[in-house]
Amino acid sequence: MPITVLVVDDEPLIRSGLRAIIDAEPDLSVVAEAADGAEVVPIVRRTNPDVVLMDVRMPAVDGIQATRLLLDGLENPPRVLVVTTFENDDYVYDALRVGASGFLLKRTPPAEIVQAIRTVMNSESLLFPEAIRSLALAHVRADESRAKPAGLDHAQLTEREREVLRLMAKGLSNAEIAAELVLGVQTIKTHVANVLSKLGARDRTQAVITAYESGFVPLS
């Protein structure tokens, strides 16, 4: 079965361009389009896509609010991949913090767009780890009122889980982490699941952002 995608953008040309790129792939299919974030939840309920490509800036309901409504309002929500013009957009970081699984620039080459969709769908590696680190660093530096990082002691991660989280932040896949730690892939999947559960994270992206903001993984 193909990975099904909902494309959300207020620009018709962007929507048609993304549709053409996605529908050209045998394992991907666009099931619907939306012009504003307000339309997302009803369309998702009707079409049940696997992944939503979400424009971050829209005139009525932006991508941050739409992502929050989607992830908080549905029992089994799709993955959200934010689409933006500017890599250092504060909106992007806010969307990642509320639950988006990654982001794409609108100028991203077609081959990278389709690979990003597959990556967030499989959820076994972090999409563009260095870009997420840069966004987190900019956010922390901009927040002058931010308290001193408290670490992750409250999560009570085991030493192995702490190792796994550090490697997740580097962008390693489950298979790569398994090779690094000389463990089985299924064992790593269990550790990753435990890390997400203890941190209250939806997926790897939110876990890594928590690791950065807490100071557990240094930003510089």
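In this structure, CG in Leu137 is found 13.5 Å from CD1 in Ile132, a value given to the nearest 0.5 Å. Taken from CE in Met121 to CG in Asp50, the straight-line distance is 3.5 Å, to the nearest 0.5 Å. Atom OG of Ser173 is separated from atom CG of Asn122 by 10.5 Å, given to the nearest 0.5 angstrom. In this structure, OG1 on Thr205 lies 10.0 Å from CZ on Phe103, to the nearest 0.5 angstrom. To the nearest 0.5 Å, atom CG of residue Leu183 and atom NZ of residue Lys189 are 14.5 Å apart. We find the CD-CE distance between Glu11 and Met58 to be 11.5 Å, quoted to the nearest 0.5 Å.
A continuous path of ILVMFWY side-chain contacts below 4.5 Å connects Ile209 to Leu152, so both sit in one hydrophobic cluster. Both Leu199 and Leu172 are part of a single hydrophobic cluster, where members link through side-chain heavy atoms under 4.5 Å apart. Under the 4.5 Å side-chain heavy-atom criterion for Ile, Leu, Val, Met, Phe, Trp and Tyr, Leu81 and Leu6 are members of distinct hydrophobic clusters. Under a hydrophobic clustering in which Ile, Leu, Val, Met, Phe, Trp and Tyr are joined whenever their side-chain heavy atoms come within less than 4.5 Å, directly or via other members, Leu126 and Leu181 fall into the same cluster. The hydrophobic cluster containing Val120 does not contain Val98, counting ILVMFWY residues as joined when their side-chain heavy atoms lie under 4.5 angstrom apart, directly or transitively.
Looking at Leu219 and Arg133, their side chains come closer than 4.5 Å, going by heavy atoms from C-beta outward. Val7 is not listed as a side-chain neighbour of Val83, based on a closest heavy-atom distance of 4.5 Å or more. Residues His191 and Leu165 are not in side-chain contact: their nearest non-hydrogen atoms beyond the backbone lie 4.5 Å or more apart. In this structure, the side chains of Leu74 and Arg45 come closer than 4.5 Å at one or more pairs of heavy atoms. Using a 4.5 Å heavy-atom threshold, the side chains of Leu104 and Val82 count as separate. You'll find the side chain of Val52 stays beyond 4.5 Å of the side chain of Val5, heavy atoms only. The shortest distance between side-chain heavy atoms of Asn194 and Val164 does not fall below 4.5 Å. Ser29 is not listed as a side-chain neighbour of Ile22, based on a closest heavy-atom distance of 4.5 Å or more.
Within a 6.0 Å radius of CD in Glu159, more than 12 heavy atoms belonging to other residues, nucleotides or ligands are found.
The shortest heavy-atom contact between Val31 and Pro49 is CG2-CB, 4.0 Å. Considering every non-hydrogen atom in both Tyr212 and Pro218, the closest pair reads CE2-O, 4.2 Å. Looking at every heavy atom in both residues, Ser101 comes nearest to Leu96 through C-CD2, 4.4 Å. Across Ser16 and Leu13, no two heavy atoms sit closer than the pair OG-O, 3.0 Å. Of all the heavy atoms in Asn48 and Thr4, the pair that sits closest is O-OG1, 3.8 Å. The nearest pair of heavy atoms linking Val44 to Pro78 is CG1-CD, 3.9 Å.
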Inset, instruction - Output, in order, the C-alpha distance, side-chain angles, deciding distance and verdict of side-chain hydrogen bond (donor to acceptor under 3.5 Å, both in side chains) for Arg204 and Ser123. - result: CA-CA 7 Å; Arg204 299 168 94 98; Ser123 67; over 6 Å; no
Inset, instruction - Go through Val8 and Ile43 one step at a time and tell me if the side-chain contact (heavy atoms from CB on, under 4.5 Å) criterion holds. - result: CA-CA 10 Å; Val8 185; Ile43 292 177; over 6 Å; no
Inset, instruction - Using the side-chain contact (heavy atoms from CB on, under 4.5 Å) rule, take Ile3 and Arg118 through it: C-alpha gap first, then chi angles, then the decisive distance, then the call. - result: CA-CA 8 Å; Ile3 297 170; Arg118 296 179 183 122; 4.3 Å; yes
Inset, instruction - Could you give me the CA-CA distance, side-chain angles and deciding distance for Thr84 and Leu105, then say whether side-chain contact (heavy atoms from CB on, under 4.5 Å) is met? - result: CA-CA 5 Å; Thr84 182; Leu105 297 177; 3.8 Å; yes
Inset, instruction - Kindly determine whether Val56 and Asp62 satisfy side-chain contact (heavy atoms from CB on, under 4.5 Å), including the steps that lead there. - result: CA-CA 6 Å; Val56 73; Asp62 64 31; over 6 Å; no
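A salt bridge does not link Arg57 to Asp10: none of the charged nitrogens lies less than 4.0 Å from a carboxylate oxygen. Between Lys170 and Glu176, none of the side-chain N atoms (NZ, or NE/NH1/NH2) sits under 4.0 Å from a carboxylate O, so this pair counts as no salt bridge. The existence of a salt bridge linking Arg15 and Asp55 is excluded, since no basic side-chain nitrogen approaches an acidic carboxylate oxygen closer than 4.0 Å. Using a 4.0 Å cut-off between charged nitrogen and carboxylate oxygen, Arg202 and Asp72 count as a salt-bridge pair. A salt bridge links Arg160 with Glu163; the closest basic N to acidic carboxylate O contact falls under 4.0 Å.
A donor-acceptor contact shorter than 3.5 Å links the side chain of Asp36 to the backbone of Ala38. Between the side chain of Glu161 and the backbone N or O of Thr158, at least one donor-acceptor pair lies under 3.5 Å. A donor-acceptor pair is defined here as one N or O able to donate and one able to accept, closer than 3.5 Å; no such pair exists between the side chain of Ser197 and the backbone of Ala193. Within the 3.5 Å criterion, the main-chain N or O of Gly63 finds a donor-acceptor partner in the side chain of Thr67. Although no hydrogens or angles enter the test, the distance criterion places a donor-acceptor pair under 3.5 Å between the side chain of Lys198 and the main chain of Gln156.
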